Every structure is written in structure tokens, then in C-alpha cells.
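One structure is given below, encoded as C-alpha cells.
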Amino acid sequence: MKALFFDGLMPHLIETYRVPEPEENEALIRVLMAGVCATDIEIAKGYKGFRGVPGHEFVGLVERVRSPYQGLTGKRVVGEINVGCGACEFCAKGMEKHCLSRTALGISERDGAFAEFLTLPLKNLWEVPEAVSDEEAVFTEPLAAAFQVLEQVHVKPSDRVAILGDGKLGLLIAFVMARQGLNVVLAGKHASKLALAASRGIKTKYSGELQNRPGYEVVVEATGSPEGLNVAVDIVKPRGAIILKSTFASRKNGEPSECAGEVDRRAPIDLSRLVVDEITVVGSRCGPFPPALEALAAKRVDVKSLISAVYPFGDVASAFERSQEKETLKVLLDFRP
Ligand SMILES: [Zn+2]
Ligand SMILES: [Zn+2]
């Protein structure tokens, strides 16, 4: 099969990569479309030490299932990316995404979606409702990460919410929270991205316009930059909450990730403010797929407005290039004939 293979130095498009063999209770999935994420760009630069096929945002067709349960055969599915060992205390509690020996699709120890086929356990798969197009379904994984914020923090309608970062994730979080009727302002650095949010009725600000004092009960940090956390600490109100969506650790070389053009200043964080003002800090990663799929089926979140370009899989190199341009949002790869 055709696959993008990362050998630790650079990605190669290989025509004869071995089709993966599903293990017990896994499915072989034919990829229809995949999304390029900031994480994939980082992987292609070697930051995560990953060797293999990157890609974790996808929609596909179940080609074959290795299980007595055949219900998903032939169905169109999306898949949760973390695969736990199934035997540890975290897996026993349903916290597979925190399993210490987990694999993650296209990120850690498991070949991903930038290939014609991939495998995932059946329990990771969710059937895509008819009303959701392939293009929309690719957004299930990042949209689920946006929904995770509301799973973790109870936001009241009277709360003022600031979302820092106008990248894909910041925009999705803003779409989700605004749709819930929450009082949201999105702060970013890109005119076109802020304009997109504004056109959906979301209040926006340039990062520089944020006043350097407490004004928000809830601050969501999605800039991809450590500087964003400093801003969050400055603007959150006493007893407020900061939700961290950025993984700075992956940016050791100071390269921009989610928010292109951001400078990694590694400014020290004023932890005393967190203590004195009793601020809650919540780390937040992957989220639940069902609410994301429901929102897509009901057209409650307009993810199509985030698509900057669609490339055939054979032109994955151009897709990666386009994905790194400043004003680009989501770039999709099309595997369909
Ligand atoms: Zn991603
Ligand atoms: Zn485990």
C-alpha cells in the first residue's frame, strides 16, 4: 500500500509499505480522508522520536474485522487514537488514554492514518452518522479535544471566558463554547482567523489588546506557546480556572506549532499568583467522540469553514508545506479514488 513513512530524519512516500495485519479484536480500516495536525508537522521534524507512519485524524471504511463481532464491517468510522494495554489500573478504570504503556495512532508506537490502511481496536471505533460528510468526520478527533474542556471544567453562563490562540484548536473550542451560549472572547494574532470567528458571532481580540489584569473566570490556553500560560495567569480572576491545551514539551527547539509565528520565550511562570489567588489549573488532552459526532451530525459546529485545502494523498508533500503557512487552518488528505 501507499504510506508516508517517517524514518527519523524525513518523511518518505512509499508505494509498497506492508498492509498492517489487525490483531485480535482489531479492525483493518481503509482510510478515506485524513487531516494534517500541528503534531504531524512536529513528528515530521523528529521532535517526538517517532518512527513510522504519522497521522491520527481520519475517517475510513472498516475493511475487515478480526473478532466474532462483525457489526462494524463495511461501516464508515472514526477512531480514538489511544490504545491502552488493557491490563493496568488505568485501563481498568477506563482511562486508557493515561495507560503508561499505551500506543497512540501515528504518534507513539503505532502506525497512523497517512497510509491507505490502518488498524485500531474495535472499542476505539465509532460509526459515523450518514449526515456527516467525510470532510466533516475528519474533525471528530480535534473537535472531541475541544469538547473535553467542558467535560473537565464547569463553566457557568455568567462566567467570562477567554480562549487564547486562534489556531484550529482555539477556533474549535470557541465554536463549541459559543454554541453552548457561553460568554467567550477569542484572542489571537491572525486577522483572517479572528475574522472567521467574528463571522460566527464570536467576540475576538488581538492578543495585544488583552488587558494585563484579572478579568476572566475561565481562561483556555491553546496558543502552543509557553508565553500563553503567562498571559493566562495574568488575566484569570481569583478562584478562576486555567485549562491548558498546549503541549510545550514537544517544542524543545522553539519551533511554532499550533499558533504559527509564536516566539517561544520560555518566560518563567509566576506560580505565586496561582497560590495566592487560588487558581485551578487543568491539563486537557483528547476528548469524548460521541458529543463531537452528535454536534457534527446536527450541524452545530461549522468545521468546514476551517478547511484551507484538500490534497490527494499522493501530494502529501504539498499538503505538509501548505499546512505550515501562517494563515492556513486545516489541510486534508484525500485517499478516495
Ligand atoms: Zn491532532
Ligand atoms: Zn494499561
Side-chain angles (χ1 to χ4, degrees), residues 4 6 11 23 25-26 31 33-45 47-48 50 52-60 78-114 118 120-121 123-124 135-149 165 167-173 176 222-224 244-251 255-260 284-289 292 296 301 303 306-308 316 319-320 322-324 328-333:
L4 186 76
F6 180 66
E23 290 182 17
N25 295 313
E26 285 191 348
V31 178
M33 293 192 100
V36 180
C37 168
T39 306
D40 304 318
I41 304 295
E42 289 177 16
I43 284 172
K45 290 175 177 171
Y47 296 159
K48 292 193 187 244
F50 175 74
V53 178
H56 56 276
E57 300 171 5
F58 76 95
V59 58
V78 288
E80 299 196 21
I81 68 174
N82 296 290
V83 181
C85 70
C88 72
E89 63 166 299
F90 301 106
C91 288
K93 288 184 203 151
M95 290 163 56
E96 297 219 340
K97 77 174 189 187
H98 296 293
C99 170
L100 297 179
S101 42
R102 67 181 178 270
T103 63
L105 186 73
I107 295 173
S108 172
E109 306 288 325
R110 178 177 279 268
D111 277 350
F114 297 161
L118 61 84
L120 270 178
K123 63 183 173 198
N124 284 55
E135 285 81 357
E136 292 168 316
V138 176
F139 285 88
T140 309
E141 197 271 337
L143 187 58
F147 271 100
Q148 178 69 356
V149 172
K168 297 176 281 288
L169 188 55
L171 281 163
L172 283 174
I173 295 167
V176 166
T223 63
L244 294 177
K245 275 294 190 185
S246 299
T247 48
F248 316 124
S250 57
R251 300 180 54 246
E255 285 291 321
S257 84
E258 191 60 44
C259 188
S284 177
R285 189 163 47 100
C286 306
F289 273 32
L296 289 173
V301 186
V303 292
L306 299 183
I307 301 173
S308 299
V316 60
F320 267 53
R322 178 66 186 273
S323 181
Q324 292 174 80
T328 301
L329 286 164
K330 183 60 78 185
V331 173
L332 300 183
L333 292 168

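Since the model is a prediction, treat every value here as computed from it, not as a measurement. In what follows, residues are counted from 1 in the order of the sequence shown. Atoms within a ligand are numbered from 1 in the order they appear, just like the ligands themselves.
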Could you list the donor-acceptor pairs under 3.5 angstrom formed by side chains in residues 103-113, with sequence neighbours left out?
unit_1: Thr103; atom_1: OG1; unit_2: Arg110; atom_2: NE; d: 3.0
unit_1: Arg110; atom_1: NH1; unit_2: Thr119; atom_2: O; d: 3.0
unit_1: Arg110; atom_1: NH2; unit_2: Glu26; atom_2: OE2; d: 3.2
unit_1: Asp111; atom_1: OD1; unit_2: Val53; atom_2: N; d: 3.0
unit_1: Asp111; atom_1: OD2; unit_2: Tyr17; atom_2: OH; d: 2.7

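Taking CG from Leu296 and CZ from Phe139, the interatomic distance works out to 9.0 Å, rounded to the nearest 0.5 Å. Here the straight-line distance linking atom CG of Asn124 with atom NZ of Lys97 works out to 13.0 Å at 0.5 Å rounding. Rounded to the nearest 0.5 angstrom, Leu306 CG and Glu135 CD are separated by 13.5 Å. Of the inter-residue distances, the one linking Ser323 atom OG with Lys168 atom NZ reads 5.0 Å to the nearest 0.5 angstrom. To the nearest 0.5 Å, atoms CZ (Arg322) and CG (Leu332) are separated by 11.5 Å.
Judged purely by atom type and a 3.5 angstrom limit, Gln148 has no side-chain atom pairing as donor or acceptor with the backbone of Ala144.
Sorted by first then second residue, the salt bridge (Lys or Arg N to Asp or Glu O under 4.0 Å) pairs that include residues 81-93, not counting sequence neighbours, are Glu89-Lys93.
Exactly one residue among Leu171, Val149, Leu143 makes a side chain to side chain contact (heavy atoms under 4.5 Å, CB included) with Val176. That residue is Leu143.
Listed by chain and residue number, the protein N/O/S atoms under 2.8 Å of the Zn ion (ligand 2) are Cys85 SG, Cys88 SG, Cys91 SG, Cys99 SG, with waters left out. Within the sub-2.8 Å shell of the Zn ion (ligand 1), the protein contributes these N/O/S atoms: Cys37 SG, His56 NE2, Glu57 OE2.
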